[in-house]
Protein chains: 2
Amino acid sequence: MAKDPSSALQRRPLTLRDVSDASGVSEMTVSRVLRNRGDVSGATRERVLAAARELGYVPNRIAGALASQRVNLVAVIIPSLSNMVFPEVLTGVSEVLEDTGLQPVVGVTNYSPEREEKVLYEMLSWRPSGIIIAGLERSHAARAMLENAGIPIVEIMDVDGTPVDNAVGISHRRAGRHMAEAIVAAGYRRIGFLGTMMPYDHRARKRLEGFESALIAAGLTVEDREFYSGGSALLKGREMTEAILSRSPDLDFLYYSNDLIGAGGLLWCLNHAIEVPEKVGLAGFNGVELVQGLPCHLATMDACRLEIGRKAAEIVAGKRADGATSGLVIELEPKLEPGDTIRRR
Amino acid sequence: MAKDPSSALQRRPLTLRDVSDASGVSEMTVSRVLRNRGDVSGATRERVLAAARELGYVPNRIAGALASQRVNLVAVIIPSLSNMVFPEVLTGVSEVLEDTGLQPVVGVTNYSPEREEKVLYEMLSWRPSGIIIAGLERSHAARAMLENAGIPIVEIMDVDGTPVDNAVGISHRRAGRHMAEAIVAAGYRRIGFLGTMMPYDHRARKRLEGFESALIAAGLTVEDREFYSGGSALLKGREMTEAILSRSPDLDFLYYSNDLIGAGGLLWCLNHAIEVPEKVGLAGFNGVELVQGLPCHLATMDACRLEIGRKAAEIVAGKRADGATSGLVIELEPKLEPGDTIRRR
DNA sequence: CTGTGCCATGTTAGCGATAACGGCCGCATC
DNA sequence: GATGCGGCCGTTATCGCTAACATGGCACAG
């Protein structure tokens, strides 16, 4: 046992050298075998692989990356993992990166510009071969880092602004406008808004801006609003709905900045025998899977999360048909899903 | 503009050398400044920092890690990001790692042993300084890699088994037993189970095992069961509940393997005017925040996710009061939250 | 004025891999 | 039999940084 070559008792970590000694070839040949690169005869290949397996050798990518000046990492920087929207983007990214040898590495900013700056710096210090980062708004320093990185950058989720390099997303302003138009067209007139109190959630802000501008164009305004931060979004949705409706009982439509609070609001309305969508209409945003499980379908707008992840990954992986990795702006079309909470005319 | 030193036009990436040239000191001194290590006079420190900022220099950790044989990364390997339980574990990990200089890097296995093996291999190739990995069951090769890694390993979520090194979690068998006992004590007798069809979700399996063994001890059995895979868990919860109750209308309790399908079931029952908890009792598992937003509180059992993340991170970071980083098994106590869906006696 | 010690900085030698090139050998070609 | 070429494998020189040690200057004691 003490001499078991695969035992942890080895104090000195294994290197290519150990494998090359064990298999009687040079380190270079071992390296070639383990990377499937260059010409190696079948016989020695087998010998090397056997030795590596026997020893339990795991290549040291730190050294490999330094020598080859190539790193198979793609940094993915997002605001949060806990609201179901970004995990789906990640799924799209992973799908596409799967067979490219590239690997996503996730950084989370918690919607804080300072943290974003720090996370970006950390990521860049590993010299990734591409960056996918949510949003277009960031600190001066962060933008400078992106501009100087010398690798493909894709800013995702949003296209209302000026990207550093590439952008893949939707126009949240248009999404907000579109929703407002649908609501007005359905005959609703007294409209309330419920959202998060996050100064740095620029996409929610843009949706509201678009929403309000379309209302104004129709001669209407947002008559009341309610904001929250932290806690269970579903519960907050209930609470805010109760608050806004008791304060402004005449509202006939509630626009929620995300599906989860919208779902909470919907459940509250159903529980309080408020006729949806006749008396009060409701709509959320994101198109999260969860709403499919509700007793009645909340109107929402799909944010194209999976597709955004996929397209962004294609750009950094150089997998696009046209081979472009720079200067692209891809605007996807969010689809309105009217569900059961907007009157049909 | 073309000569702007901070412009991306620099084709050659920046190195310590560039900063040392720009500030008139040796590379070593620059390195010391940027790492806050060793003695450097205030004056030169300022000069170096100014130069680094001016150039937009970002240190190359690949080289740094190779030279120092130290990597500030902790691998966190989990089955999924999309079910709300692991993001919370990550939150706990991040909190504790925050001020240690260590950084979590997440790998996702999708409940597949093959992927776990691959992800682990990838992670180890970056020579992280610790590993936090969900579950105790894994392939032979994966276990061998962990054993040979020579770094602190913490297996999380579960303690029913033999850890490679450390473990932090709860006993899912006991959790299942405990729930069954509470259900039986509340007077329910005809019990159904609804869960996922995931052969590799060992924790769900153990909960069911514990659950059944406690029922048997009480002279009962699980009378009917329903399984699902994929899709919106909330919706599946509705569908499965409808299916099981129409097949076995006499059931008086439904035990769900997670809160999300439990919530779906609860909503279905409320919609179909089934008296909860009098006629049918319900319970889930995990204690996710979401259930707080439901019209009535689903009984559940807190899985201590945040605490698991924290304790695991403390071990790999060497932050425990006793300084131990090896051989620990920390069993946390899941708390039964009876909510409103189990009869009170 | 010399020795002692410390502070601030420089020098040297890797860390573990890979790129680039070189060499040897065997076989086909003319 | 000389030539060429391709398959297979080894040698050498980095990659960018840091540990460890070396050095020079200056203050201070004796």
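Please read all numbers here as calculations on a predicted model, not as lab measurements. Chain letters run A, B, ... following the sequence lines, proteins first, then strands; residues in each count from 1.
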**OP:** Examine D:dC9: is either OP1 or OP2 under 4.0 Å from a nitrogen or oxygen in the side chain of A:S41? Give yes or no.
**Re:** yes

Subject >> Any donor-acceptor N or O pair under 3.5 Å, side chains B:N148, B:R143 >> reply: no

**OP:** Round to the nearest Å and state the distance from A:R47 atom CZ to D:dC8 atom P.
**Re:** 14 Å

Subject >> Between C:dG16 (C1') and A:L55 (CG): distance, integer Å >> reply: 16 Å

Original post:
Can you find a side-chain donor-acceptor pair between A:E117 and A:S139 that sits under 3.5 Å?
Top reply: yes

Subject >> A:E114 bridged to A:K118 by N-O distance under 4.0 Å >> reply: no

Subject >> N/O donor-acceptor pair under 3.5 Å between B:R37 side chain and B:R32 backbone >> reply: no

For residues 94-102 of chain B, which side-chain donor-acceptor pairs fall under 3.5 Å, sequence neighbours excluded?
residue, atom, partner, partner atom, Å
B:S94, OG, B:L90, O, 2.9
B:E95, OE1, B:R310, NE, 2.9
B:E95, OE1, B:R310, NH2, 3.4
B:E98, OE2, A:R115, NH1, 3.1
B:D99, OD1, B:K319, NZ, 3.3
B:T100, OG1, B:L97, O, 2.7
B:T100, OG1, B:L102, N, 3.0

**OP:** Scan nucleotides 11-20 of chain D nucleotide by nucleotide, 5' to 3', and note B when protein non-hydrogen atoms come under 4.0 Å of the base, S if they reach only the sugar-phosphate, - if neither.
**Re:** B---BBBSBB

**OP:** Could you tell me the separation between the CG atom of B:D39 and the P atom of C:dG10, rounded to a whole number of Å?
**Re:** 14 Å

Subject >> Backbone N/O of A:T15 and side chain of A:N60: donor-acceptor pair under 3.5 Å >> reply: no

**OP:** Check whether any side-chain nitrogen or oxygen of B:T29 sits under 4.0 Å from OP1 or OP2 of C:dG10, and answer yes or no.
**Re:** yes

